[in-house]
S.K.: 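First the structure, then my questions, so here it is.
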Amino acid sequence: MEQVRVWFPYVGPCDPCPPITVKTYVTPPNLFIRYQPPGLPQFSPQEALCRGTLWPALYSPYESKNT
């Protein structure tokens, strides 16, 4: 499931500012997993501490838009 979604806002003809034609937002993976199914794969304890979750299905990396 793709976590980054795209939205195309309405650009009015009388907007005083330059239009932003494309906006993006991130949906967390826990929105799509309603309950914890048995037998989900797990990270190793060390990797789980680094990623902040035990289950790869719930991992959502943070990617900065500032480059």
Side-chain angles (χ1 to χ4, degrees):
M1 174 82 30
E2 184 65 33
Q3 294 180 12
V4 177
R5 303 286 175 99
V6 178
W7 174 47
F8 302 98
Y10 173 75
V11 177
C14 299
D15 285 344
C17 300
I20 298 174
T21 57
V22 178
K23 293 186 177 187
T24 59
Y25 60 98
V26 177
T27 56
N30 62 335
L31 289 177
F32 305 105
I33 299 177
R34 296 181 184 186
Y35 61 92
Q36 182 180 337
L40 275 178
Q42 296 182 354
F43 288 128
S44 67
Q46 179 68 26
E47 193 172 2
L49 286 173
C50 292
R51 295 184 184 243
T53 184
L54 182 59
W55 299 280
L58 294 176
Y59 176 63
S60 179
Y62 173 77
E63 297 174 6
S64 177
K65 292 183 180 180
N66 299 332
T67 55

S.K.: Kindly state each residue pair satisfying salt bridge (Lys or Arg N to Asp or Glu O under 4.0 Å) with at least one member in residues 45-57, sequence neighbours excluded.
M.R.: Glu47-Arg51

S.K.: Ser60 versus Pro28: any side-chain heavy-atom pair under 4.5 Å?
M.R.: no

S.K.: Can you run down the side chain to side chain donor-acceptor pair (under 3.5 Å) pairs that involve residues 35-44, sequence neighbours left out, and say none if there aren't any?
M.R.: none

S.K.: Do Leu49 and Leu58 share a hydrophobic cluster, counting only Ile, Leu, Val, Met, Phe, Trp and Tyr and linking them when any side-chain heavy atoms are less than 4.5 Å apart?
M.R.: no

S.K.: Within the side chain of Thr27, is there an N or O that forms a donor-acceptor pair under 3.5 Å with the backbone of Gln3?
M.R.: yes

S.K.: Only pairs under 3.5 Å count here: list side-chain donor-acceptor contacts from residues 14-25, not counting sequence neighbours, and write none if there are none.
M.R.:
| from | atom 1 | to | atom 2 | distance (Å) |
| --- | --- | --- | --- | --- |
| Asp15 | OD2 | Gly12 | N | 3.0 |
| Thr24 | OG1 | Lys65 | NZ | 2.9 |

S.K.: Write down the atom of Tyr59, the atom of Pro29, and the distance for their closest heavy-atom approach.
M.R.: O-CG, 3.9 Å

S.K.: Of all the heavy-atom pairs spanning Ala57 and Ile33, show the shortest one and how long it is.
M.R.: CB-CD1, 3.8 Å

